[in-house]
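Starting from 1, each residue takes its place in the sequence as its number.
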Amino acid sequence: TTNAIGTGIIPRPTTKDQSLKQRVTGLWDAWVSVADADGVLDFYGLQALVARCWFTDGEVFVRERPRRLSDGLPVPMQIQVLESDMCPLLDADTYEGLPKGNTIRQGVEFNPIGRRVAYWFYKSHPGDKLPATIYANMLSRIPAEQVCHVFEPLRPGQVRGVPEMASVIAKLKNVADFDDALLERQRLANMFTLFVTRPLPAGANDPMTGLAYQGSADEPIAALEPGISQELLPGEDVKFSEPPDSGANYGDYMRTQMLGVAAGSGTPYEIMSGDLKDVSDRALRIVINEFRRLCEQRQWLIFIPQMCQKVRAMWVTSAVLAGEISPSEVAEASAVRWSPQGWAYIHPVQDVQGKQLEVQAGFRSRA
């Protein structure tokens, strides 16, 4: 989330009309701070929330919430983020409120040609002690034009998202169990114990009397104290307990497991763990560049088209309905170039010099 969203992916109008650009930009900036229907975050904070839910749950929904002009918003619209639990995995060919010929698959309604036309959401969170059976009065049918479904399709025809860590969640559970078992073993190891053994004196357990040796009340008892020099009685010996240790391969084992987790989640091990041991600057640059390519891929192929552009289109439509933008300005107001937060330099001096050389050689434009 930090690398894909940062402080926000910002729209920059591409229109040549400077007056329209200033007016639209000012209207957008005023709306950003009140974009959240829950009144908690601004629009760029919602971007981070959506990305975090997407990576954690595999998908997230963003719903348009039209508002009244009397609400006093710069544009009469807000957006609401809904986690995946709000859309039940409901399959139905006939359902109350379902148009004839349409079907519901995993909570998503499709028309006869397979186009998404609506989403079915719970009216309240399913964790609020709802019954196991899904009744029609528990759901609301929301047109697809008012919903942004953010997820990464991994195969053609995929309807819902898959959590980022799904492929390694069993491995994580095994690693956690191993770590807990090792912790318990170390707790046992901390129970530092010694045993004092002494031979029985002559006559103990005398077969004639049958009496066992009971010892004397004034015999010394060995105790552990800092810097102690304990003298034992003749014939006495000390044996220490030998509890198990953590094992010399614990670190290597955990690192190997985390390498598998990192590979399964698509995150480089060094970035996921912060472990930069024995990693050179050159190798780290390769790792960071590879990770940034993944982030850019998700920015431009998933997040921007599935959320940012759709929310912008909803916003322009609401602004037209409110009279803030004329119908003739819709195309130019909708045309924006999305700008993610720039990457920080790995080596500022070398990176800047490299870009200067690229500009001078004609390989990169100044813009």
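Between Tyr253 and Asp179, the side chains place no donor N or O within less than 3.5 Å of an acceptor N or O (distance only, hydrogens not considered). Checking Arg160 against Gln106 by side-chain atom types alone, no donor-acceptor pair falls below 3.5 Å.
For the pair Lys355 and Glu358, the salt-bridge criterion is not met [side-chain N within less than 4.0 Å of a carboxylate O]. Using a cut-off of 4.0 Å between Lys/Arg side-chain N and Asp/Glu carboxylate O, Asp93 and Arg105 are scored as salt-bridged.
Contact record, Asp57 with Ser84: CB-OG, 3.9 Å, taken as the closest heavy-atom pair. Scanning all heavy atoms of the two residues, the minimum distance from Ser33 to Asp42 falls at CA-CB, 3.9 Å. Minimum interatomic distance between Gln47 and Ile9 (heavy atoms only, all atoms of both residues): OE1-N, 2.7 Å. When every heavy atom of Val359 is checked against every heavy atom of Ser365, the shortest pair comes out as CG2-O, 4.2 Å. Counting all heavy atoms, side chain and backbone alike, Gln341 lies closest to Gly6 at OE1-CA, 3.1 Å. In this structure, Tyr122 and Ser124 approach most closely via the heavy-atom pair CB-O, 3.0 Å.
The side-chain heavy atoms of Pro153 and Ile302, taken from C-beta on, include a pair separated by under 4.5 Å. No side-chain heavy atom of Tyr44 sits under 4.5 Å from any side-chain heavy atom of Thr7. Between Met86 and Pro126 the shortest side-chain heavy-atom distance falls below 4.5 Å. Gln299 places none of its side-chain heavy atoms less than 4.5 Å from the side chain of Trp338. Put simply, the side chain of Glu109 reaches to within 4.5 Å of the side chain of Pro99, judged on heavy atoms. Two residues are said to be in side-chain contact when any heavy atoms from C-beta on lie closer than 4.5 Å; Pro13 and Thr25 meet this criterion. Under the 4.5 Å side-chain criterion, counting only non-hydrogen atoms from C-beta, Ser318 is in contact with Glu64.
When hydrophobic clusters are built by joining Ile, Leu, Val, Met, Phe, Trp and Tyr residues whose side-chain heavy atoms come closer than 4.5 Å, directly or via intermediates, Val147 is not grouped with Met77. A single hydrophobic cluster is not seen to contain both Phe55 and Leu294; linkage of ILVMFWY side chains at heavy-atom distances under 4.5 Å, directly or through other members, places them apart. Under the 4.5 Å side-chain heavy-atom criterion for grouping Ile, Leu, Val, Met, Phe, Trp and Tyr, Leu321 is not connected to Val316 through any hydrophobic cluster. In the hydrophobic clustering of ILVMFWY residues, with side-chain heavy atoms under 4.5 Å counting as a link, Phe121 and Phe151 come out apart. Val311 and Tyr119 fall into different hydrophobic clusters, where Ile, Leu, Val, Met, Phe, Trp and Tyr side chains are chained together by heavy-atom contacts under 4.5 Å.
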(request) Carefully, step by step, assess Leu98 and Thr94 under the rule side chain to side chain contact (heavy atoms under 4.5 Å, CB included). (result) CA-CA 7 Å; Leu98 180 65; Thr94 58; 5.6 Å; no

(message) Would Asn3 and Trp343 count as a side chain to side chain contact (heavy atoms under 4.5 Å, CB included) here? Give the steps.
(response) CA-CA 8 Å; Asn3 284 274; Trp343 303 116; 3.8 Å; yes

(message) Set out, in order, the CA-CA distance, both residues' side-chain angles and the distance that settles side chain to side chain contact (heavy atoms under 4.5 Å, CB included) for His347 and Val349, then state yes or no.
(response) CA-CA 6 Å; His347 296 293; Val349 175; over 6 Å; no

(request) Run the numbers on Leu41 and Val81 for side chain to side chain contact (heavy atoms under 4.5 Å, CB included), then give the verdict. (result) CA-CA 11 Å; Leu41 301 169; Val81 179; over 6 Å; no

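If you take CZ on Phe303 and SG on Cys148, they are separated by 9.5 Å, rounding to the nearest 0.5 Å. Once rounded to the nearest 0.5 Å, the distance linking CE of Met258 with NZ of Lys171 reads 8.5 Å. Considering CH2 of Trp54 and CD of Gln306, their distance stands at 7.0 Å, rounded to 0.5 Å. In this structure, Ile271 CD1 and Leu276 CG are separated by 9.0 Å, a value rounded to the nearest 0.5 Å. A distance of 13.0 Å separates CD1 in Ile79 from CZ in Arg63, rounded to the nearest 0.5 Å. From Asp85, atom CG reaches atom NE2 of His125 across 5.0 Å, with rounding to the nearest 0.5 Å.
Using the six-membered ring where Trp is involved, Trp315 and Trp28 have ring planes that are perpendicular, over 60° apart on the 30 and 60° scheme.
Counting heavy-atom neighbours within 6.0 Å of Ile169 CD1, excluding the residue itself, gives a total of 12 or less. Crowding of Glu296 atom CD: a count of heavy atoms from other residues, nucleotides or ligands under 6.0 Å exceeding 12.
Between the side chain of Glu59 and the backbone N or O of Gly161 there is at least one donor-acceptor pair closer than 3.5 Å. Looking at Gln78, its side chain does come within 3.5 Å of a backbone N or O of Val34 through a donor-acceptor pair. Formation of a donor-acceptor pair under 3.5 Å by the Gln80 side chain with backbone atoms of Ala37 is not found in this model. A distance-only check finds a donor-acceptor pair linking the side chain of Ser265 to the backbone of Ala262 [under 3.5 Å]. In terms of modelled atom types and a separation under 3.5 Å, the side chain of Arg312 and the main chain of Ala333 share a donor-acceptor contact. Using a distance-only test at 3.5 Å, with no hydrogens or angles considered, a donor-acceptor pair links the side chain of Lys123 to the main chain of Asn137. Between the side chain of Asp71 and the main chain of Arg68, a donor-acceptor pair closer than 3.5 Å is present.
Shown are Gln18, Glu329, Glu324; of these, the side-chain contact (heavy atoms from CB on, under 4.5 Å) with Arg23 is made only by Glu329.
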Side-chain atoms of residues 279-289: list all donor-acceptor pairs with protein atoms under 3.5 Å, sequence neighbours left out, distances to 0.1 Å.
residue, atom, partner, partner atom, Å
Ser280, OG, Ala283, N, 3.2
Arg285, NH1, Asp351, OD1, 3.3
Asn289, ND2, Arg285, O, 3.2

